[in-house]
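Everything below concerns the one structure shown next.
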Protein chains: 2
Amino acid sequence: MMKKQLIMEKAFELFSEQGFEATSVQQITERCGISKGAFYLSFKTKDELIFSMIDHHMQQFVADIDLVVRNVVNKQDLLVEFYKSIFKNFKKHSKSARIFMKEQGLTANKELFKKVNSYEIMMTQSILSMVEELYGVKLQDIKYDLVYCIKGFVRSYSELFMFYDLPIHVDELASSLAEKTNILAQNMTNPFITKELAQIVESPFDQEISTDKLKELLDQNIQGLEESIERESLVLLKEQIEQQTLSKTIIKGLIENIRHLTDCKWTAYVLIKYFEL
Amino acid sequence: MMKKQLIMEKAFELFSEQGFEATSVQQITERCGISKGAFYLSFKTKDELIFSMIDHHMQQFVADIDLVVRNVVNKQDLLVEFYKSIFKNFKKHSKSARIFMKEQGLTANKELFKKVNSYEIMMTQSILSMVEELYGVKLQDIKYDLVYCIKGFVRSYSELFMFYDLPIHVDELASSLAEKTNILAQNMTNPFITKELAQIVESPFDQEISTDKLKELLDQNIQGLEESIERESLVLLKEQIEQQTLSKTIIKGLIENIRHLTDCKWTAYVLIKYFEL
DNA sequence: TTGACAAATGACTAATTGGTCATTAGTATA
DNA sequence: TATACTAATGACCAATTAGTCATTTGTCAA
């Protein structure tokens with residue numbers, strides 16, 4: 001378990017230096033200071049490593065956004081907080097963003113594409129639920145289009161973080177984009193993305209969370225922890241999956257208990273979806 | 001010359017199927033029905049092939065946009081025509097767009113990055129000049145920001161062409177985005193991208209067109225043509241580079257003569273910049 | 001100290017890579 | 001037909017790749 005993490009970290013460095021296919025298992029093991037055989041004890045193939053890494057990074061990203069969107073108290077600040085969170089993430093993880101968000105297009109591997117795409121869809125859904133929260137039923141017919149605009153802003157301005165080490169003021173950027181978003185929401189009359197179109201785009205790669213997968217996920221988290229409130233929360237949550245006896249409020253509380261752990265962000269996100277909180 | 005084209009075409013197919021590094025010279029030559037040696041008669045290395053392909057496709061793209069931006073008669077239609085042109089291009093060349101516009105999967109090669117980046121900058125400058133044409137001095141302080149919004153729209157909505165074979169109505173999309181752009185232009189008060197920031201982002205990779213390179217380019221075009229008005233125009237234009245004796249109007253006309261040839265689009269674009277027309 | 005088991009090694013394989021070059025095929029001129 | 005030339009070939013090379021497995025090392029309890 002420890003070793004897996006080491007490999008992923010070092011591999012990540014190499015990927016961001018040289019790119020995907022250009023990095024050999026040899027190089028990874030050298031930088032880790034382990035043997036080739038040891039690598040294959042942790043990962044069955046090189047592909048498995050790549051898949052794990054994408055999961056890891058995308059999960060962090062998606063979960064972070066969703067957290068902000070769901071938890072902002074003041075509706076007035078929601079947009080600004082959303083943009084702030086997203087660009088702070090870009091600033092912090094610009095390398096992984098560069099590798100995983102952009103590589104989408106040219107990955108030969110169909111499985112890989114599907115994976116990245118499914119996370120992209122989750123992100124889109126988070127944004128959509130934010131737009132609904134913000135503008136309610138007022139903007140039923142333009143909300144899908146607005147989501148695409150927001151995604152466009154994010155893509156375009158994130159370039160500033162990805163390729164240049166500029167001293168960007170995230171707060172100013174966020175409030176500038178929030179203004180733009182509001183202006184569009186209030187003035188747009190001619191949307192292009194309709195509900196139907198949005199559904200077509202989102203549907204084909206839709207991903208369900210199976211009970212088994214979720215349990216597996218929890219087991220992983222549990223194993224990595226010593227006796228603690230967080231660990232116990234996880235154990236309780238796992239029991240709730242098999243048979244839900246506690247109230248939603250209590251379950252929500254248990255999830256809150258684990259949310260602050262880096263490795264549990266994703267689990268928390270999935271649990272919220274699963275229990276429909 | 002003929003063979004170069006064949007190789008580039010077939011290689012392009014393979015790249016869009018399997019990706020970049022995953023395609024071997026072997027595979028390319030097999031699909032072309034030529035030997036390995038023959039490949040290395042046309043290109044010194046595999047990298048040279050990649051560079052040529054990027055040049056070829058990006059040149060088409062950039063030149064097309066610039067042409068539209070410069071030549072629309074009715075200022076009212078400018079925005080719509082711009083978007084229409086760009087998305088028609090995406091629709092037609094979705095594969096190359098997918099491969100080459102998504103730059104940074106290829107971070108491995110610094111030279112490659114610089115190349116793609118320089119084209120990106122040219123595109124940005126075309127958009128900027130459009131914005132200036134559209135809104136004049138009125139929007140001095142938000143024009144750079146507006147350019148980033150436009151780029152964002154393009155990126156976000158181009159996704160529809162890249163990954164899904166949807167029956168998109170380009171005209172509707174264009175007018176929808178034109179509306180958004182105008183709304184932003186008229187209501188935005190809080191721009192983020194200032195002139196200084198824009199200059200920092202654009203400057204480091206600035207690319208100059210050397211006289212020699214331009215002559216080389218013309219020679220290439222001339223060689224590929226039989227006796228014709230177009231060919232003679234090119235010859236005359238080459239003379240004008242060495243010693244400019246004709247008026248700007250005449251030179252403009254000569255450029256118009258060659259513009260319709262696919263292989264001369266780029267040359268026309270460069271010539272216009274060179275003679276400051 | 002011994003024995004049992006898991007963790008880790010790195011030499012090895014088989015396949016593939018980009019690139020070379022002595023050789024051959026094809027063509028045009030004399 | 002003979003000569004001179006270029007275009008094209010594909011066997012070959014050294015380097016590198018992902019992945020394997022017989023062997024060694026480390027770590028326990030008895």
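The model shown is predicted, which means the values in this text are computed figures rather than measured ones. A note on names: the letters A, B, ... follow the listed sequences, proteins ahead of strands, and every chain is numbered from 1.
Take B:K92 and apply the side chain to side chain contact (heavy atoms under 4.5 Å, CB included) test, not counting sequence neighbours, and it matches no residue. Every residue two or more places apart in sequence or in another chain that forms a side-chain hydrogen bond (donor to acceptor under 3.5 Å, both in side chains) with A:D55 is listed here: A:K115, A:Y119. A:S158 is linked by a side-chain hydrogen bond (donor to acceptor under 3.5 Å, both in side chains) to nothing, counting only residues two or more places apart in sequence or in another chain. Remark: A:E230 pairs with A:L225, A:S228, A:I258, A:H260, A:L261 by the side chain to side chain contact (heavy atoms under 4.5 Å, CB included) rule, at least two apart or across chains. Judged as a salt bridge (charged side-chain N to carboxylate O under 4.0 Å, His left out), and not counting sequence neighbours, A:K88 has no contacts.
If you walk DNA chain D from 5' to 3' and mark each nucleotide with an atom closer than 4.0 Å to a heavy atom of chain A, the marks span D:dT17 to D:dT20.
The structure places SG of A:C32 at 9.0 Å from NZ of A:K3, a figure rounded to the nearest 0.5 Å.
Nucleotide C:dG10 holds its P atom 11 Å from the CD1 atom of A:I34, rounded to whole Å. Put simply, NZ on A:K3 is 17 Å from P on C:dA6, counting in whole angstrom units.
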Residues 60-68 of chain A side chain polar contacts: donor-acceptor under 3.5 Å, at least two apart:
unit_1	atom_1	unit_2	atom_2	d
A:Q60	NE2	A:T262	O	3.3
A:D64	OD1	A:K265	NZ	3.3
A:D64	OD2	A:N89	ND2	3.0
A:D64	OD2	A:K265	NZ	3.4
A:D66	OD1	A:R70	NE	3.4
A:D66	OD1	A:S126	OG	2.9
A:D66	OD2	A:R70	NE	2.7

What string of B, S and - do you get for nucleotides 11-25 of chain C 5' to 3' if you count protein non-hydrogen atoms under 4.0 Å?
-> ------SBBB-----

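Residue pairs meeting the side chain to side chain donor-acceptor pair (under 3.5 Å) criterion with at least one member in residues 36-46 of chain A: none, sequence neighbours excluded.
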